[in-house]
**Student:** 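My questions will all concern the structure given below.
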Amino acid sequence: MHAFPVKRVYCGNGYDEEGPFLTLDRIDVTPTIRERVRPLNCHVSLRRMKARYCVGRYDLDTFKDESCPLRAKLTGPDDVCPDCFRAIGFNPAFYNARDRISDKQLRYNRLPHVVYLAWFGPGILKVGISSRPRAMHRLLGQGARAAAIIAEASNAEAARAIEAKAVKHPGIRETVRTAQKIAGFEVPMVWPDAVREMMAMAAQLEAMVPGLTITPAMNLEGYYGDCAIDPFFANLTDSKPLELEGTCVGLAGAVMIGRSNARGWVVDTHALTGHLIELRLTNPPEPA
């Protein structure tokens with residue numbers, strides 16, 4: 001049993017060799033303690049508070065995340081305080097901000113990059129880029145259900161040039177909202193059909209962008225647990241107060257899926273980011 005009587009700051013979620021986890025900051029002690037907890041197949045009781053705090057920073061050189069040293073309270077929509085924003089030094093739209101790129105990002109951008117094609121459900125395909133070392137982390141963090149690398153590039157600028165051509169295809173998205181990912185999970189993945197759809201799109205992109213190097217499709221659903229969503233599942237994302245109760249059966253990117261007795265629920269955990277939360281995990285689940 002993992003009981004957390006002290007409120008934690010919800011800082012996000014991720015994946016490692018042990019599976020999906022939630023990142024929480026305990027700011028009632030000095031120094032702040034950053035924790036990873038694993039909700040999959042646990043009974044989850046969670047309640048969101050109104051107060052929000054900075055979720056900390058990420059080091060582009062070491063690929064490690066850290067708690068905010070200031071424990072800064074947030075009053076606006078951003079998830080990080082100005083100090084952590086400067087420390088991160090990353091602008092995802094670097095190609096539109098060449099005169100405002102940090103030294104850290106310049107070093108990161110020089111790493112080998114890949115262009116990927118990600119599948120989130122029938123008809124929901126996107127193209128994106130990532131540094132080669134972080135490609136799998138990027139795909140799992142987005143909750144992609146299947147993916148294929150379609151190009152290798154020597155740096156971020158070269159990868160972005162390929163991506164910019166690929167997203168001109170009418171069937172390709174540059175972004176997929178979490179609500180669209182949730183809708184995608186309502187349709188079970190039939191692996192041969194998903195592969196055919198991805199490879200057909202890859203072939204069309206190859207005609208638009210000669211020189212692509214398309215790898216075999218990867219099935220990523222096994223990383224997430226049980227992510228089958230019935231259309232009648234309750235979407236709790238916009239609930240006020242936001243409270244969860246039940247067994248967490250799936251965690252795909254920001255999409256958490258649970259069941260409480262016969263009732264299913266789903267939530268976009270972005271709605272928790274930066275908030276103080278009260279959390280209790282019990283493993284195995286408490287009897288119904």
Side-chain angles (χ1 to χ4, degrees), residues 12 14-15 55 57-65 78-80 84-121 123-178 180-181 184 197-218 220 252-254 270:
Y15 296 81
V55 301
R57 56 189 64 180
Y58 185 82
D59 192 319
L60 291 172
D61 292 326
T62 65
F63 300 153
K64 292 183 178 179
D65 57 285
D78 295 332
D79 295 332
V80 297
C84 283
F85 180 81
R86 288 189 294 270
I88 295 169
F90 181 73
N91 184 342
F94 62 88
Y95 42 86
N96 291 326
R98 289 182 173 82
D99 59 340
R100 301 188 303 278
I101 297 178
S102 69
D103 290 340
K104 281 187 176 183
Q105 181 153 10
L106 285 172
R107 290 193 296 271
Y108 179 81
N109 284 0
R110 294 189 191 109
L111 294 174
H113 273 61
V114 298
V115 184
Y116 59 81
L117 177 64
W119 186 91
F120 296 89
I124 310 176
L125 291 157
K126 80 176 286 288
V127 164
I129 68 173
S130 170
S131 66
R132 163 52 82 179
R134 286 183 50 78
M136 184 61 77
H137 175 88
R138 177 73 172 150
L139 289 165
L140 295 177
Q142 293 185 46
R145 300 168 69 185
I149 303 301
I150 61 173
E152 301 272 356
S154 59
N155 55 57
E157 294 278 358
R160 172 55 191 171
I162 296 170
E163 179 190 39
K165 294 177 182 178
V167 296
K168 292 179 181 178
H169 190 289
I172 286 290
R173 306 167 193 236
E174 197 165 8
T175 59
V176 179
R177 294 181 291 106
T178 305
Q180 294 169 322
K181 297 174 186 179
E197 184 177 7
M198 289 182 63
M199 292 301 103
M201 178 58 72
Q204 293 178 43
L205 293 178
E206 193 171 22
M208 295 174 57
V209 190
L212 297 186
T213 305
I214 301 165
T215 67
M218 299 177 286
L220 304 178
H270 287 127

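What's counted below: heavy atoms across the whole structure, side chains too, no hydrogens, waters or symmetry copies.
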**Student:** Could you state the interatomic distance from SG (C84) to CG (D79), rounded to the nearest 0.5 Å?
**Tutor:**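 Answer rounded to 0.5 Å: 11.5 Å.
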
**Student:** Measuring from M208:CE to K168:NZ, what's the distance to the nearest 0.5 Å?
**Tutor:**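 The CE atom of M208 sits 7.5 Å away from the NZ atom of K168.
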
**Student:** If you count every heavy atom of other residues, nucleotides or ligands that lies below 6.0 Å from K165 atom NZ, does the total exceed 12?
**Tutor:**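 No, because the 6.0 Å sphere around NZ of K165 holds 12 heavy atoms or fewer from other groups.
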
**Student:** Taking all atoms of both residues into account, what is the closest heavy-atom pair of A166 and V209, and its distance?
**Tutor:**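 Taking A166 first and V209 second, the nearest heavy atoms are N-CG2, 4.2 Å.
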
**Student:** Suppose we screen for side-chain contact (heavy atoms from CB on, under 4.5 Å). Which residues come up paired with A159, at least two apart in sequence or across chains?
**Tutor:**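 Expected list: H113, V115, I129, A153.
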
**Student:** By salt bridge (charged side-chain N to carboxylate O under 4.0 Å, His left out), which residues pair with R138, not counting sequence neighbours?
**Tutor:**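 Once residues adjacent in sequence are excluded, R138 has no partner under the salt bridge (charged side-chain N to carboxylate O under 4.0 Å, His left out) criterion.
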
**Student:** Under the side chain to side chain donor-acceptor pair (under 3.5 Å) test, which residues partner D65, sequence neighbours left out?
**Tutor:**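 D65 satisfies side chain to side chain donor-acceptor pair (under 3.5 Å) with R34 once adjacent residues are dropped.
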
**Student:** Nearest heavy-atom pair of A135 and V114: which atoms, and what distance?
**Tutor:**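 Heavy atoms of A135 and V114 come nearest at CB-CG2, 3.8 Å.
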
**Student:** Does Y58 OH have over 12 foreign heavy atoms under 6.0 Å away?
**Tutor:**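 Atom OH in Y58 is crowded, with more than 12 foreign heavy atoms closer than 6.0 Å.
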
**Student:** Ignoring hydrogens and geometry, is there a side-chain-to-backbone donor-acceptor pair from Q105 to S102 under 3.5 Å?
**Tutor:**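 No; judged by distance alone, with no hydrogens or angles, the pair does not exist.
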
**Student:** CG/N155 to CZ/R110 distance, rounded to the nearest 0.5 angstrom?
**Tutor:**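 Spacing of CG (N155) from CZ (R110) equals 9.5 Å.
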
**Student:** Under the side-chain contact (heavy atoms from CB on, under 4.5 Å) rule, collect the residues that match up with I214, sequence neighbours excluded.
**Tutor:**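 I214: side-chain contact (heavy atoms from CB on, under 4.5 Å) contacts with I150, M199, A202, E206, L212.
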
**Student:** Where is the tightest heavy-atom contact between M198 and A146, given as atom of each residue plus distance?
**Tutor:**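 Here M198 and A146 meet closest at SD-CB, 3.7 Å.
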
**Student:** Tell me, please, which residues at least two apart from T215 pass side-chain contact (heavy atoms from CB on, under 4.5 Å).
**Tutor:**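 side-chain contact (heavy atoms from CB on, under 4.5 Å) check on T215 returns A148, I149.
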
**Student:** Which residues pass the side-chain contact (heavy atoms from CB on, under 4.5 Å) test with T62, not counting sequence neighbours?
**Tutor:**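 side-chain contact (heavy atoms from CB on, under 4.5 Å) check on T62 returns D59, K64.
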
**Student:** Taking all non-hydrogen atoms of both residues into account, name the closest pair between I88 and L60 and its distance.
**Tutor:**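 Of all heavy-atom pairs spanning I88 and L60, the closest is O-CD1, 3.6 Å.
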
**Student:** Considering only NZ, NE, NH1 and NH2 on the basic side and carboxylate oxygens on the acidic side, decide whether E157 and R160 come within less than 4.0 Å.
**Tutor:**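 Answer for the salt bridge query: no.
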
**Student:** From the options R173, H169, E197, select the one residue that forms a side-chain contact (heavy atoms from CB on, under 4.5 Å) with L125.
**Tutor:**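 Of all the options given, the one that passes is E197.
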
**Student:** Checking R86 now: which residues fulfil salt bridge (charged side-chain N to carboxylate O under 4.0 Å, His left out) with it, not counting sequence neighbours?
**Tutor:**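 For R86 the salt bridge (charged side-chain N to carboxylate O under 4.0 Å, His left out) partners, ignoring immediate neighbours, are D83.
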
**Student:** Taking ring-ring contact (aromatic ring centres under 6.0 Å, His included) as the definition, give me every residue that meets it alongside Y15, ordered by chain and number, with sequence neighbours left out.
**Tutor:**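 Residues passing ring-ring contact (aromatic ring centres under 6.0 Å, His included) with Y15: Y224.
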
**Student:** Report the distance from atom CG of L139 to atom CE of M218, rounding to the nearest 0.5 Å.
**Tutor:**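 Those atoms lie 5.5 Å apart.
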
**Student:** What pairs meet the side chain to side chain donor-acceptor pair (under 3.5 Å) rule with one or both residues in residues 142-154, with sequence neighbours excluded?
**Tutor:**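 Residue pairs passing side chain to side chain donor-acceptor pair (under 3.5 Å), neighbours aside: Y116-Q142, K126-Q142, R132-E152, R145-E221.
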
**Student:** Please name the pair of heavy atoms, one in F63 and one in P133, separated by the smallest distance, quoted to 0.1 Å.
**Tutor:**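 F63 and P133 have their closest heavy atoms at CE1-CB, 3.8 Å.
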
**Student:** Output all residues satisfying side chain to side chain donor-acceptor pair (under 3.5 Å) with D61, sequence neighbours left out; order by chain, then residue number.
**Tutor:**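 Only R107 meet the side chain to side chain donor-acceptor pair (under 3.5 Å) criterion with D61.
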
**Student:** Check side chain to side chain donor-acceptor pair (under 3.5 Å) between Y108 and all other residues, then give those that pass, not counting sequence neighbours.
**Tutor:**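 So Y108 forms a side chain to side chain donor-acceptor pair (under 3.5 Å) with S131.
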
